[in-house]
Amino acid sequence: MLEDYTLAQVKSLTENAQSILIVCADPDELDCVSAATAWHVTLQAQGKDSRLATPTPSTLPEIMDKNGKNQQALLSGVDELSTDLGNENLTISFDYSEEQVDKVSYNISEDNKKFFLTIKPKSGRQPLDTSKVEFSYTGASADLLLIFGANTPSELGQLYTDYEDLYTNTSSIVISDAPEFGSLKIPLEGELLTTVTMEIFTALQQELPSEAASNLLYGIDASTFGLQQVSSAATLEQVATLLRAGGHRLWKPSAAATSVPNKSTTAQNGKKAQQEINVQSKKKK
């Protein structure tokens with residue numbers, strides 16, 4: 001059970017933030033992806049500017065259901081996961097030598113409202129090769145960071161090393177096994193990211209969109225092998241609440257044979273079940 005003080009801090013931080021960046025440390029862990037996307041969908045329904053990021057693309061194999069759909073894609077918002085935080089500043093870069101560039105200037109056309117950046121070469125030098133000019137987006141800002149599944153900043157890879165100032169200057173809530181950073185650290189204590197998320201939503205009386213409820217159910221089902229590994233009555237109560245909120249159980253048993261098991265205590269138990277399923281599948285072949 002989360003302490004009232006912790007819940008009050010979560011409530012204050014989320015309510016006072018308009019722009020929220022959600023980071024899932026491991027895109028191959030369905031519990032992490034399910035929790036992150038549930039927050040994303042819920043915050044968007046509240047009119048918040050929410051963005052999703054992950055250090056690396058997911059390598060989960062496609063898990064097909066009977067309708068031929070990618071089962072992971074059934075998670076609302078998962079298609080918005082990005083491996084780049086920066087999308088605010090347009091950066092123009094090119095190979096530079098002091099002898100090649102004489103002056104850089106800009107002007108804005110009044111008639112068609114176009115912006116012109118002019119790079120003048122020194123006398124007798126060749127102008128820049130347009131094929132070598134690169135364009136990219138950099139820079140990121142947010143009122144709040146929600147970080148799932150990372151105990152240390154190093155687990156976030158380039159999402160941390162390329163944006164250290166963002167983490168230093170922005171309030172953050174970190175939910176993981178044993179978080180060592182963040183303004184507010186919430187240890188899982190053997191629970192799932194999805195069940196802790198549901199505990200927060202329930203305590204704060206958050207109105208859950210049905211899509212968020214389905215995402216949380218997916219994470220719980222995938223981490224407990226369809227509730228076969230549940231050892232807490234509280235988890236079953238959460239499942240009932242999610243179903244009443246309009247959630248659907250999207251996870252299929254076949255997913256257990258190929259998806260990466262969750263790192264939590266509950267899912268470690270499920271890992272044995274996954275290995276048994278793999279063995280049974282081989283025998284059938």
Side-chain angles (χ1 to χ4, degrees), residues 21-41 50-65 69-85 145-162 174-179 186-188 190-198 211-212 214-229 249-279 281:
L21 178 59
I22 301 172
V23 180
C24 170
D26 187 352
D28 286 345
E29 191 171 304
L30 288 175
D31 180 47
C32 185
V33 177
S34 299
T37 52
W39 275 92
H40 177 61
V41 171
S50 174
R51 288 174 289 150
L52 281 169
T54 186
T56 57
S58 175
T59 59
L60 286 175
E62 287 191 352
I63 303 168
M64 310 303 285
D65 65 12
K69 293 181 180 179
N70 182 316
Q71 205 161 316
Q72 186 189 7
L74 294 177
L75 287 170
S76 296
V78 74
D79 56 328
E80 296 179 47
L81 273 171
S82 172
T83 57
D84 188 7
L85 296 186
L145 300 174
L146 278 175
I147 302 168
F148 296 91
N151 293 322
T152 63
S154 62
E155 295 176 47
L156 301 178
Q158 87 287 349
L159 291 186
Y160 178 78
T161 56
D162 292 352
V174 181
I175 308 176
S176 65
D177 291 327
I186 302 178
L188 290 176
E191 293 295 320
L192 299 170
L193 289 165
T194 40
T195 56
V196 170
T197 290
M198 186 54 188
E211 295 85 358
S214 296
N215 285 10
L216 291 175
L217 282 170
Y218 190 103
I220 293 172
D221 267 330
S223 301
T224 62
F225 290 81
L227 304 182
Q228 294 182 62
Q229 301 293 325
R249 297 182 68 184
L250 304 173
W251 182 84
K252 308 294 183 192
S254 59
T258 51
S259 64
V260 177
N262 188 273
K263 297 176 183 176
S264 70
T265 302
T266 302
Q268 284 295 337
N269 294 334
K271 186 175 182 180
K272 296 179 181 179
Q274 178 182 2
Q275 292 171 342
E276 291 175 3
I277 292 173
N278 289 339
V279 171
S281 297

Minimum heavy-atom distance between [X] and [Y], given as atom pair plus value:
X: C24; Y: P55; answer: O-CD, 3.2 Å
X: E155; Y: A150; answer: OE1-CA, 3.7 Å
X: C32; Y: F148; answer: SG-O, 3.5 Å
X: G77; Y: L52; answer: O-CD1, 3.3 Å
X: I186; Y: P179; answer: N-CG, 3.8 Å
X: A53; Y: L21; answer: CB-CD1, 4.4 Å

Any side-chain to backbone donor/acceptor pair from [X] onto [Y]? Under 3.5 Å, distance only.
X: T37; Y: S34; answer: yes
X: Q158; Y: T83; answer: yes
X: D221; Y: W251; answer: no
X: T195; Y: E191; answer: no
X: T224; Y: Q229; answer: no
X: D31; Y: I220; answer: no

From [atom1] ([X]) to [atom2] ([Y]), nearest 0.5 Å:
X: N151; Y: D177; atom1: CG; atom2: CG; answer: 5.5 Å
X: E211; Y: L216; atom1: CD; atom2: CG; answer: 12.0 Å
X: L250; Y: S76; atom1: CG; atom2: OG; answer: 8.0 Å
X: T54; Y: E29; atom1: OG1; atom2: CD; answer: 10.5 Å
X: D26; Y: L193; atom1: CG; atom2: CG; answer: 10.0 Å
X: L75; Y: Y218; atom1: CG; atom2: OH; answer: 5.5 Å

Should [X] and [Y] count as side-chain neighbours, where that means a heavy-atom distance under 4.5 Å?
X: T56; Y: P27; value: yes
X: L159; Y: V23; value: yes
X: V196; Y: L188; value: yes
X: L227; Y: R249; value: yes

Legend entry - Residues S58 and D28: side-chain donor-acceptor under 3.5 angstrom: yes
